[in-house]
Amino acid sequence: MNPDVPFRKGRMTPFQARRRWLTTLAAGAGTLALGGCDRAVEDRRIADTLAKTEKLTLASQRLLLDHQPLAREYGERDLSPVFRANGSSMPASQDYARLLQGRFVDWRLQVDGLVQRPQSLSLAELKAMKSRSQITRHDCVEGWSAIGKWQGVPLSQVLDLAGLKPGARYVIFHCADNLGETKDDSGLYYESIDLLDAYHPQTILAYGMNGNDLPVAHGAPLRLRVERQLGYKQAKYVMRVEVADAYAHLNGGKGGFWEDRGYEWYGGI
Ligand SMILES: Nc1nc2c(c(=O)[nH]1)N[C@H]1C(S)=C(S)[C@@H](COP(=O)(O)O)O[C@H]1N2
Ligand SMILES: [Mo]
């Protein structure tokens with residue numbers, strides 16, 4: 001993909017997406033950035049984790065068929081001079097204002113749900129964990145793209161710290177901003193991904209952007225980057241990571257703020 005070429009606006013069905021991934025793999029492009037050895041370790045780790053959970057069928061099929069292709073990564077010179085902020089650019093709640101004023105020292109990421117050891121992690125604790133940085137292209141369905149550099153902790157590490165319980169299938173991200181029309185919590189932004197994307201090596205909880213702390217407009221102090229999917233999946237202002245067996249019980253039942261308003265749950269690029 002060339003950064004100058006606008007991305008395809010049409011959304012692929014999961015079937016088309018899978019077929020495209022298989023084609024990519026056949027073309028030998030499936031191991032872009034991970035060496036064969038890292039990949040084997042990564043694959044084994046994913047398989048081990050999945051083996052600990054029930055309801056393996058969907059997940060293990062995807063694992064076997066897709067071989068976890070990576071989103072393209074770019075170089076420093078490809079960084080977009082301007083990376084637009086979209087959707088919320090400043091959560092309105094008093095809680096958020098207080099945390100921001102305290103430079104997020106009192107902020108904690110809650111990790112709960114179907115986990116063995118629920119966590120409450122400070123930014124300093126997250127920053128002390130092994131990090132990954134990646135330069136990738138963000139594609140918004142509204143028709144714009146931008147290339148940015150993200151630094152953060154692989155979600156897999158946070159999940160391993162908490163330990164998944166049997167039955168875990170999805171990871172749900174609860175955000176601080178309310179985009180809805182009503183004043184109650186039903187308009188809070190949220191997103192969800194499955195375990196395959198959760199354990200993908202490029203899926204990170206980012207606290208840095210383009211070499212600085214993540215700006216408020218881009219989701220401070222922590223946002224999701226799930227690089228094989230569209231912009232609306234990249235949840236900003238993440239406050240809580242919930243591991244669950246389903247997402248149908250949440251809000252509109254479709255797994256995300258925009259999904260509840262008609263977007264696809266799998267926003268593949
Ligand atoms: N919490 C939250 N996350 C969000 C949004 C939002 O409004 N609130 N907008 C989404 C959309 S549609 C896009 S394109 C990206 C925009 O990310 P950016 O502001 O860093 O460009 O964030 C996504 N994640
Ligand atoms: Mo978007």
Side-chain angles (χ1 to χ4, degrees), residues 3 6-11 71 74 78-93 95-97 99-100 104 107 109-110 133-152 155 171-193 197 202-242 247 250-252 254-269:
F7 73 100
R8 281 188 36 176
K9 269 198 193 168
R11 218 77 53 61
Y74 296 82
D78 302 315
L79 288 174
S80 298
V82 176
F83 197 117
R84 163 178 163 178
N86 208 37
S88 297
S89 54
M90 168 65 92
S93 77
D95 280 353
Y96 185 83
L99 292 167
L100 172 60
F104 299 113
W107 173 91
L109 178 71
Q110 305 303 330
S133 73
Q134 56 204 31
I135 300 177
T136 53
R137 196 182 67 183
H138 175 107
D139 294 330
C140 172
V141 286
E142 289 171 21
W144 59 274
S145 301
I147 293 176
K149 180 175 177 177
W150 306 100
Q151 189 189 4
L155 179 60
V171 180
I172 300 163
F173 304 88
H174 298 275
C175 307
D177 57 312
N178 195 327
L179 264 191
E181 302 76 32
T182 55
K183 282 240 183 295
D184 60 20
D185 284 356
S186 65
L188 287 175
Y189 204 92
Y190 77 106
E191 258 304 339
S192 58
I193 59 177
D197 265 319
Q202 289 170 317
T203 299
I204 65 174
L205 292 168
Y207 45 72
M209 180 186 188
N210 295 343
N212 299 310
D213 280 347
L214 187 63
V216 169
H218 294 286
L222 197 74
R223 80 171 308 165
L224 175 66
R225 293 301 310 175
V226 48
E227 301 292 357
R228 298 179 301 178
Q229 296 204 52
L230 289 164
Y232 60 88
K233 300 296 291 189
Q234 321 298 324
K236 306 196 280 189
Y237 317 110
V238 174
M239 308 298 282
R240 176 176 169 224
V241 169
E242 180 192 5
Y247 51 74
L250 289 166
N251 295 347
K254 299 290 196 290
F257 180 88
W258 286 115
E259 287 85 335
D260 286 340
R261 289 156 182 82
Y263 289 15
E264 301 283 330
W265 177 77
Y266 192 82
I269 290 171

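Residue indices begin at 1 and follow the sequence shown. Atoms within a ligand are numbered from 1 in the order they appear, just like the ligands themselves.
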**Student:** Would you call the rings of Trp144 and His138 parallel, tilted or perpendicular, where under 30° means parallel and over 60° means perpendicular?
**Tutor:** parallel

**Student:** For Tyr189 and Phe257, take the angle between the two ring planes, folded into 0 to 90°, and tell me which bin it lands in: parallel under 30, tilted 30 to 60, perpendicular over 60.
**Tutor:** parallel

**Student:** Which pair of heavy atoms, one from Leu109 and one from Arg240, lies closest together, and at what distance?
**Tutor:** CD1-N, 3.9 Å

**Student:** What do you reckon, are the aromatic ring centroids of Phe104 and Tyr96 less than 6.0 Å apart?
**Tutor:** yes

**Student:** Strictly under 4.0 angstrom, heavy-atom based: which residues surround ligand 1?
**Tutor:** Phe83, Arg84, Ala85, Asn86, Gly87, Ser88, His138, Cys140, Trp144, Cys175, Asp177, Leu179, Tyr189, Ala217, His218, Arg223, Gly231, Tyr232, Gln234, Ala235, Lys236, Tyr237

**Student:** Parallel, tilted or perpendicular for Phe83 and His218, by the 30°/60° rule?
**Tutor:** perpendicular

**Student:** Is the ring centre of Tyr232 less than 6.0 Å from the ring centre of Trp258?
**Tutor:** no

